[in-house]
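Counting from 1, the numbers follow the sequence of the chain as shown.
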Amino acid sequence: GHEKRLRRESNQQQLQSESLSSNSEDDSRLWKDALGVCTRSEVDNMLCKVLDGSPSCQPDDSLAMGGHEPGSQEMDTQPCTPENRSSQPSAFQGSPRTKISGRTIQLGLCGWANFIDEDATFVDKSAAIADVMSPGAGKVIAGMYPRRMGKTTFLKTLANFLDIIGDMPRSQREKQFRKCAVYDLHPEFFEENFAKYPVIMLDFKTSCPMSFGDTPSSICGSMLSATEKHITMLRQLVSGAYNEYGALHLDKRAVQREKEYIAALITKFDCFGSTIDFNSSHIQTLSGMIPNLMKILYRIFGRRSVLIVDEYDAPFMSALCHVKDADEQAKIQQAYSRFLCESLKNNDYLHKGILVGVFDVRGVGLGSGLNNVESYMAHSGFAGTRLTENPFQHAFGFTIHDVWGLINDYVDNQWPHRPTIDHLELGCFKRDLLVGCIQHFDGYRIGQVHHVFNPYAILCLIRELRSIKSLTDVDYSNYNFWTETGSMKVVETIKASSAQDLSRYCEYLSSSFLRQSEYRQHQGPLAEHMSLDFIDDAAVGSIGSQEQPQFPLDIDKETREELADICMVRSGDTFHDMQSLGHEPLQANTIMRLLYQAGYIVPIAKDRVGIPNSEVHRALEQFYERVAAQLKISTSLLESIHEEMGIYKCDLQRFSRSLHSCMVSIPGIGEDTSERFYQTILSSYLFPATRSGYAIHNEAMMENGRADTLLFPAPGHLRFDTTPMSYYIFELKRYDGSTTPMSAKRTSVGNRRKVAKYVFEQAMQAQAQIYERYYPTLAEKARTCDLVHVVGVSFWMNRFCMIATKRRREESADGTISWPAVRYEGSVGIEATVEYEQLGDRLEDAENGILREVVVDGHLVVLTI
């Protein structure tokens, strides 16, 4: 109980002092309406009260949810103690935007009406309609986001909300939408915009040209499919059948007045078919069809039209991948560009244009013809970027509140094994499911919203729970939902022109991801809550309000900033290079930008990109292996990282140098930094070694206590050349500066000498502790290895002293194993202890922070103080 109280107090302090809540002004208003709080500090203070077990603030009106309402029991203000917390209803309602309806998980649905008809589980994103339709976002806007993020589902929801006609009668749609978040959060917008516009929705994904000759008929097919309901309506109106459309408030006199024009337009639509080709007059007529339709719809309804284009980039990218002739590519791109430009530019009958896709094709075919588009990518809306708001940031993906709601809804109401699990186990099951989802499917970010999950992966996982009886059955390493659901033809066709930069970029991304993943296991809001017996709504709120902490070592700052610039800043060279996609090798910069837009790489901050999660990391590794095999280079992403770390070569000198170069770059480390933090830094730094067969154990149980960090070869360990197999044990200490009086100038030679001597003695004590407490167990654990490295490390701020001794395994004729000490190069003998004065450490000749290596009496001593 005491430990949990300390963890809770630490969590409160972190919330109050380090919260990085990303609520926009609009979100603050929503929090104000729902919870009576609006600023970041007010949200965090309220969360702290809930975490502390205090009676929770309640919204005046609970949010109504469409269809089935998970967790809709009456609220209880009883304090959430460990004894009653798992069995009582949640006291915190999560994000005001989160609404879940439907009773069954169904995959493959994307139409809004299909979810209603099938009573399928549906995460309501309708509140984002007001953001997308805001005049401030732009009259014609384009959003580029990775696949499987729910883009089509949102666009069809948007279309059904705005459309005068819609996929079901107006009264039924209104009844359903009044249950949705757009009505709860934007009532005035609802009344002004629901079912008020003619909507034309083009879907280019289903009719991409696979050859030059297919292009005109593909464009025509998309247009006819999108306008079919409008042409059907016009036919009936011309024939005088007004009854079916009586509720649409159309102008009958306008219909009669424009009867001949309408009939001519219908005839033109009927004439398009298989005979269309690349004849210039055909393309010109085809491009004018939608503007002409918008014109007659405006005269009938008195409203300008909304044009929605799903997968607007697909025809352009398909031409690059499938059509080899450059002239034919150009003609295909020009045809689609002209078709879109006629509808979206200088069109007096257009109210709003909304284009959504994956790749930014403004420089590859769309050109300057459509220069009135305001484009939004995932990083649009970041602090320090040109665009301060991103209208799509709440439209795509699942938030952590969405995922938590889906987990609770399914486990409590649909999971077949629910009756066999008691309340405490159920709380642990839900907690571990959320943690697993965060580790494997989180990591995306759109504008100011972080913790964005891949919706398809989450729904696939929840569906998998039908056959899962316990947590031990959940194997995230076998889940590749994102990569197994449809091919990414663009990425599959990539060829690289050179290996050097591509290897450097991918190596940086992979090693940074691995280190960050390990670091997050021990630091940040998720780590705080992983130690609890369960996670409730308030804990989810605190996790979702903060950024994921990044591993603080700048392994390669130059590459980090270079990659961010490549991915986020438009480059004319990149667009020019893309013209050879699928046919000629691409430059590394172009490949990185394509991977960024495809979702293999995501924005983290304005100067940082990374890999979102474990599932995508595996996909990137597979991509690199394929490209590296083509270039006939090593397919290992981390080979040079292993070389730099020195672990595989038993080279602790190299290891100490690389660790030092990282430690000095960590900001904010002071004398009060805990030993646990240093342990996290060390294990996170070492973590890439696990990809080649090493295992890391922190606080490993030994015969007489717990060793701080063990690094040892696990089954599948890779042998590099003839390098001996090594077992490493690290014992850590820290110096807080209190023992040795120091002058005001902390970096003076006198102060540094005092500290250097003290931390050296601490490092020797750490090594002695290993021999006294852990050595018998260590010798037994390492009996299959060739070398044992005994390492004592003492830290002072971001400096350290490391003392290492190595021992070689020898086996006698009778099978007895011994571990005699081995001299480091240049040593003349082995002594159990070494005095600081023996080092001959001349600090007056060394700049502050310069690493010094000394081999004395068989020990390797490294000082950075």
Side-chain angles (χ1 to χ4, degrees), residues 435 438-439 510-528 530-531 548-555 610-611 614 617 638 641-642 644-648 650-652 654-666 668-669 673-702 705-714 717 726-734 763 766-767 769-770 774 778 781-782 785 788-795 797-804 862 864:
V435 170
I438 292 174
Q439 292 171 339
S510 183
S511 61
S512 296
F513 171 77
L514 292 171
R515 284 165 170 150
Q516 289 168 11
S517 298
E518 174 66 9
Y519 183 74
R520 292 169 186 168
Q521 301 297 310
H522 308 285
Q523 299 291 327
L526 179 61
E528 290 289 334
M530 284 175 64
S531 60
Q548 283 277 29
Q550 300 301 311
F551 184 54
L553 304 186
D554 266 331
I555 307 300
I611 300 171
S614 300
H617 182 242
L638 301 172
I641 291 293
H642 298 323
E644 175 192 341
M645 288 170 57
I647 293 297
Y648 287 94
C650 308
D651 188 348
L652 284 178
R654 182 184 289 270
F655 169 76
S656 63
R657 293 170 203 150
S658 62
L659 179 63
H660 167 64
S661 66
C662 295
M663 287 293 296
V664 295
S665 68
I666 301 180
I669 291 187
T673 300
S674 67
E675 183 181 313
R676 180 65 180 272
F677 180 80
Y678 289 120
Q679 184 186 48
T680 298
I681 291 293
L682 178 63
S683 63
S684 300
Y685 180 73
L686 290 169
F687 197 71
T690 62
R691 304 299 289 187
S692 297
Y694 270 102
I696 297 175
H697 282 183
N698 288 328
E699 303 298 324
M701 180 62 71
M702 309 293 273
R706 293 181 179 272
D708 284 337
T709 300
L710 300 179
L711 179 70
F712 54 91
H717 167 62
S726 295
Y727 198 110
Y728 297 85
I729 180 170
F730 295 86
E731 188 65 24
L732 311 181
K733 303 289 184 182
R734 58 172 285 271
Q767 232 194 17
Q769 182 175 323
I770 293 174
Y774 315 136
L778 173 65
K781 285 178 176 289
C785 295
V788 167
H789 299 264
V790 180
V791 186
V793 187
S794 179
F795 292 93
M797 299 194 291
N798 55 1
R799 313 297 168 81
F800 64 89
C801 174
M802 185 182 82
I803 301 177
V862 178
T864 68

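- Under the salt bridge (charged side-chain N to carboxylate O under 4.0 Å, His left out) criterion, Arg706 pairs with no residue at all, not counting sequence neighbours.
- Between the side chain of Tyr678 and the backbone N or O of Val793 there is no donor-acceptor pair closer than 3.5 Å.
- With a 4.5 Å cut-off on side-chain heavy atoms, Pro688 and Arg515 count as touching.
- Nearest heavy-atom pair, Tyr685 versus Leu659, reported as atom, atom and distance to 0.1 Å: OH-N, 3.7 Å.
- Between Lys781 and Tyr727 the shortest side-chain heavy-atom distance falls below 4.5 Å.
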Legend entry - Residues Gln439, Ser517; criterion side-chain contact (heavy atoms from CB on, under 4.5 Å); working and verdict: CA-CA 8 Å; Gln439 292 171 339; Ser517 298; over 6 Å; no
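- In this structure, the salt bridge (charged side-chain N to carboxylate O under 4.0 Å, His left out) partners of Arg654, at least two apart in sequence or on a different chain, are Asp651.
- Formation of a donor-acceptor pair under 3.5 Å by the Ser658 side chain with backbone atoms of Phe655 is found in this model.
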Inset, instruction - For side-chain contact (heavy atoms from CB on, under 4.5 Å), just list the numbers for Glu518 and Phe551, CA-CA rounded to whole Å, side-chain angles, deciding distance to a tenth of an Å, and then say yes or no. - result: CA-CA 9 Å; Glu518 174 66 9; Phe551 184 54; over 6 Å; no
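- Of all non-hydrogen atoms in Gln767 and Ile803, the two that sit nearest each other are NE2-O, 3.5 Å.
- Tyr774 and Gln769 are linked by a side-chain donor-acceptor pair at a separation below 3.5 angstrom, with hydrogens and angles left out of the test.
- Atoms CD and CE, from Glu699 and Met701 in turn, are 9.5 Å apart once rounded to the nearest 0.5 Å.
- Residues Thr673 and Arg734 form no side-chain contact, since every pair of their non-hydrogen atoms from C-beta on lies 4.5 Å or further apart.
- Contact annotation: the side chain of Tyr519 approaches that of Ile681 to within less than 4.5 Å [non-hydrogen atoms, C-beta and beyond].
- A distance of 10.0 Å separates CE of Met797 from CD1 of Ile669, quoted to the nearest 0.5 Å.
- Between Ser511 and Phe687, every side-chain heavy-atom pair lies at or beyond the 4.5 Å cut-off.
- Of all non-hydrogen atoms in Ala695 and Ala714, the two that sit nearest each other are CB-CB, 4.1 Å.
- Using a distance-only test at 3.5 Å, with no hydrogens or angles considered, no donor-acceptor pair links the side chain of Gln523 to the main chain of Phe677.
- Across every non-hydrogen atom of Ala804 and Leu652, the tightest pair is CB-CD1, 3.6 Å.
- Rounding to the nearest 0.5 angstrom, the gap separating the OH atom in Tyr694 from the CD1 atom in Ile647 is 7.0 Å.
- The distance from the CG atom of Leu710 to the CD1 atom of Ile729 is 5.0 Å, given to the nearest 0.5 Å.
- Between Ala763 and Ser794, the closest heavy-atom pair is N-CB, 3.9 Å.
- Here the side chains of Ile611 and Gln516 are not in contact, with every heavy-atom distance at 4.5 Å or above.
- Put simply, the side chain of Val862 does not reach to within 4.5 Å of the side chain of His660, judged on heavy atoms.
- In terms of heavy atoms, Gln679 sits closest to Leu732 at CA-CD1, 3.6 Å.
- For the pair Arg520 (side chain) and Ala527 (backbone), a donor-acceptor distance under 3.5 Å is absent.
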Legend entry - Leu686/Phe730 under side-chain contact (heavy atoms from CB on, under 4.5 Å): CA gap, chis, key distance, verdict: CA-CA 12 Å; Leu686 290 169; Phe730 295 86; 4.2 Å; yes
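- For the pair Thr864 (side chain) and Phe800 (backbone), a donor-acceptor distance under 3.5 Å is present.
- If you take OG on Ser683 and CD on Gln521, they are separated by 10.0 Å, rounding to the nearest 0.5 Å.
- From Ile770, atom CD1 reaches atom CE of Met702 across 9.0 Å, with rounding to the nearest 0.5 Å.
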